[in-house]
Amino acid sequence: MSFQLSDSALLRNASFIDGVWQEGEGHKLPVVNPATGAVVAEVLTTDRKGTEKAIAAAEVAMTAWKAQPAKQRAQVLRRWFELMMTHQEDLAQIMTIEQGKAIAESRGEVAYGAAFMEWFGEQAKRIDGDVIPAPSADKRVVCIKQPVGVVAAITPWNFPNAMIARKAAPALAAGCSIVIKPASETPLSALAMAELAHRAGVPPGVVNVVVGASSAIGPALTESPVVRKLTFTGSTDVGRQLEQACAQTLKRTSMELGGNAPFIVFDDADLDAAVAGALVSKYRNSGQTCVCTNRILVQEGVYEEFVDRLVAATAALKMGDGLDPNTDQGPLVNEGAVDDVERLVALSTAAGATVALGGARSDLGPCFYQPTILTDVTPDMAVFRNEIFGPVAPVTVFHDESEAIALANDTEFGLAAYFYTRDIGRVWRVAEALDYGMVGINEGIISNEMAPFGGVKWSGSGREGSKYGIEDYLDIKYILMGGLDR
Ligand code: NAP
């Protein structure tokens, strides 16, 4: 399959610092299409020095950016939204060739990412303060909200566009500037977004994208006293390291980390809806999302029927190159990801899990793994305890509601959880008892720009999207006026 962009200037191959595409000699990062193994681009990387340049540019640019009326910042974000939607197809193709996901999913992600530009542009105009009752008659108390400062954003490869949009949009709306370090597997989507930000009228230095080794860029971001906030989406292990690094300069942080989502099917569930929800929640992006179903818990009365139906539905998924419009399941992001999935499945089958479907690599290429269903899974198994990040659905049986809740909460993670039931009392009981930041009831897809996305426990802190999302980029300033009776 080949790709064809209608606007080839969106395919950029260097970091974007202070409004300038970097040039010169240096290490080039190959970007590999996981479906074919082909190198689709080589990106000139930057290092600690380049990152420091970006931070300095962001500091300078922020002075004028935050001084713009909110309405003007909103108009820029609105133009960025419109440009992303105008170029949706090109952005989707760039995403699929570097990340592998099916083209329909890439188009959906571009629209999802763009929606944050639109939403936070609107929210820029609603950064309201407060007037608070004063402690005495001669005083008045007000609170205003101000941008937190220069923001650093470090993002993962599984949503190369949306994870940047969810951070850049509220940062810019609040009046902050931003230095973005995208994942090394997927720099092209980030650079295409920077190109569109530039066209939308984002001033030089307000949005910077630095591509290169995290060992050089990470410390430059975390050690800088100018950077006042780090927003990170990625693994829990790296999030923990970044929290520690940021402690030295006492930065504010937002952490969107790993998940281990339970998907509970009660006896009274609408099984058609539950199977459809499990399919989309498990196999979206070939299982490589933080909110992907990681463990399916099924009540004993419907266990066999649910498994039979899920096996039939999963067997119908078509694997292939994400650029093929008929593909449901693309490759995993790289061979290391396939190795990880293979290891988790081997550990679990050795411990007694049964392969009901798949359970092996595919002959389509080294990055493909078959959609897989494991049954007889118990809480001690590797697939139950770890974030799988691949197309493997482990199924566990349970007997009653309290056992389901205990199994669901038996993890350090707390990002997304799902359950299917028709009982209104159970809807509230279970939703309130689940130790998760987000709960989907009779729905397998829950993300949208209007709702607060985020987790608890080892899944992190902070919220992206919604009216709450912008608060992560704002400081509250309390102002006391005295002597008003004189
Ligand atoms: P990752 O290995 O943690 O990498 C994420 C980003 O961190 C990449 O840009 C990476 O750069 C960078 N990085 C790695 N080590 C670093 C260090 N020591 N200092 C500074 N930066 C560093 O995660 P991933 O494999 O890309 O993404 C998958 C994980 O993200 C999963 O756990 C998933 O659940 C989580 N995730 C969470 C959410 C959420 O909203 N909660 C959303 C999506 C994904 P390089 O690529 O250059 O190494």
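Numbering of ligands and ligand atoms starts at 1, following listing order. Owing to the predicted nature of the structure, the values given are computational and were not obtained by experimental measurement.
- Near Gln241, with a cut-off below 4.0 Å to any heavy atom, the atoms of ligand 1 are 18 (N).
- Atoms of ligand 1 lying under 4.0 Å from any heavy atom of Trp157, numbered from 1 in the order shown and given with element: 24 (P), 25 (O), 26 (O), 27 (O).
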Candidate pair Ser254 and Lys229, rule side-chain hydrogen bond (donor to acceptor under 3.5 Å, both in side chains), full reasoning: CA-CA 8 Å; Ser254 300; Lys229 175 177 174 85; 2.5 Å; yes

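- Of all the heavy atoms of Pro182, the ones lying under 4.0 Å from any atom of ligand 1 belong exclusively to the backbone.
- Numbered from 1 in the order shown, with element, the atoms of ligand 1 that lie under 4.0 Å from a heavy atom of Ile154 read 6 (C), 7 (O), 9 (O), 12 (C), 20 (C), 21 (N).
- Protein heavy atom nearest atom 36 (N) of ligand 1, with residue, atom name and distance: Cys290 CB, 3.5 Å.
- Side chain of Glu387 to main chain of Gly259: a donor-acceptor pair is present (N/O by atom type, distance under 3.5 Å, no hydrogens or angles).
- Remark: the backbone N or O of Val291 is paired with a side-chain donor or acceptor of Thr289 at under 3.5 angstrom.
- The aromatic ring centres of Tyr112 and Phe159 sit 6.0 Å or more apart.
- Proximity of a side-chain donor or acceptor of Asn285 to a complementary backbone N or O of Asn158 within less than 3.5 Å is detected.
- With respect to atom 17 (C) of ligand 1, the closest heavy atom belonging to the protein is Val238 CG1, 4.0 Å.
- For ligand 1, none of its N or O atoms has an N or O atom of Ser459 under 3.5 Å away.
- Using a 4.5 Å cut-off on side-chain heavy atoms (C-beta onward), Phe384 and Thr378 make no contact.
- In terms of heavy-atom proximity, Thr96 sits nearest to Ser106 at OG1-OG, 2.7 Å.
- Near Thr233, with a cut-off below 4.0 Å to any heavy atom, the atoms of ligand 1 are 5 (C), 36 (N), 37 (C), 38 (C), 39 (C), 40 (O), 42 (C), 43 (C), 44 (C).
- Of the candidates Gln99, Gln88, Lys101, Lys101 is the only one forming a side-chain hydrogen bond (donor to acceptor under 3.5 Å, both in side chains) with Glu109.
- Considering only non-hydrogen protein atoms, atom 8 (C) of ligand 1 sits nearest to Thr155 O, 3.3 Å.
- Residues Trp21 and Arg12 meet the side-chain proximity criterion, which asks for heavy atoms closer than 4.5 Å.
- Of all atoms in ligand 1, listed by their number and element, those nearer than 4.0 Å to a heavy atom of Asn158 are 43 (C), 44 (C).
- The shell of residues lying under 4.0 angstrom from ligand 1, judged by heavy atoms, excludes Met255.
- Annotation: Thr236 places no N or O atom under 3.5 Å from an N or O atom of ligand 1; distance criterion only.
- Residue Ile445 places its CD1 atom among more than 12 non-hydrogen atoms of other residues, nucleotides or ligands, all under 6.0 Å distant.
- Counting heavy atoms closer than 4.0 Å to ligand 1, residue Met163 contributes side-chain atoms (C-beta onward) but none from N, CA, C or O.
- For the pair Phe159 and ligand 1, the shortest N or O to N or O distance does not fall below 3.5 Å.
- The protein atom (non-hydrogen) at minimum distance from atom 32 (O) of ligand 1 is Glu387 OE1, 2.8 Å.
- Close approach to Gly218 involves these atoms of ligand 1, each under 4.0 Å from a residue heavy atom: 20 (C).
- Contact annotation for Met438 and ligand 1: no heavy atom of the residue comes within less than 4.0 Å of the ligand.
- When hydrogens are left out, the protein atom nearest atom 41 (N) of ligand 1 is Leu257 O, 2.8 Å; that is the closest non-hydrogen contact.
- In this structure, the side chain of Thr327 does not engage the main chain of Met319 through any donor-acceptor pair within 3.5 Å.
- Closer than 4.0 Å to atom 1 (P) of ligand 1 lies at least one heavy atom of the protein.
- Of the residues listed (Val227, Val148, Leu221, Val151), the one engaging Lys251 in a side chain to side chain contact (heavy atoms under 4.5 Å, CB included) is Val227, and it is the only one.
- Not a single N or O atom of Thr289, backbone or side chain, sits closer than 3.5 Å to an N or O atom of ligand 1.
- At a heavy-atom distance under 4.0 Å, only side-chain atoms of Leu415, from C-beta outward, approach ligand 1.
- Side chains of Thr253 and Glu243: a donor-acceptor N/O pair is present below 3.5 angstrom, by distance only.
- A salt bridge does not link Glu42 to Lys28: none of the charged side-chain nitrogens sits closer than 4.0 Å to a carboxylate oxygen.
- Within the 4.0 Å heavy-atom criterion, neither part of Asp237 lies near ligand 1.
- When the heavy-atom distances from atom 23 (O) of ligand 1 to Gly462, Ala220, Ala183, Ser235 are ranked, the shortest goes to Ser235.
- Atom 21 (N) of ligand 1 has as its closest protein heavy atom Ser214 CB, 3.5 Å.
- Protein heavy atom at the shortest distance from atom 11 (O) of ligand 1 is Lys181 NZ, 3.1 Å.
- For the residue pair Thr293/Ser281, the side-chain donor-acceptor check at 3.5 Å is satisfied.
- Between Lys167 and Glu464, at least one side-chain nitrogen of the basic residue sits less than 4.0 Å from a carboxylate oxygen of the acidic one, meeting the salt-bridge criterion.
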Pair Arg252-Asp475, salt bridge (charged side-chain N to carboxylate O under 4.0 Å, His left out): steps then yes or no: CA-CA 10 Å; Arg252 280 178 63 182; Asp475 282 330; 2.8 Å; yes

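- Of the protein's non-hydrogen atoms, the one nearest atom 35 (C) of ligand 1 is Gly234 O, 3.2 Å.
- When the heavy atoms of Phe232, Phe453, Phe413, Phe389 are ranked by distance to atom 33 (C) of ligand 1, first place goes to Phe389.
- Shown in contact with Leu242 at under 4.0 Å from a heavy atom are these atoms of ligand 1, numbered in order with element: 19 (N), 20 (C).
- Near Ser184, the atoms of ligand 1 lying under 4.0 angstrom from a non-hydrogen atom of the residue are 45 (P), 46 (O), 47 (O).
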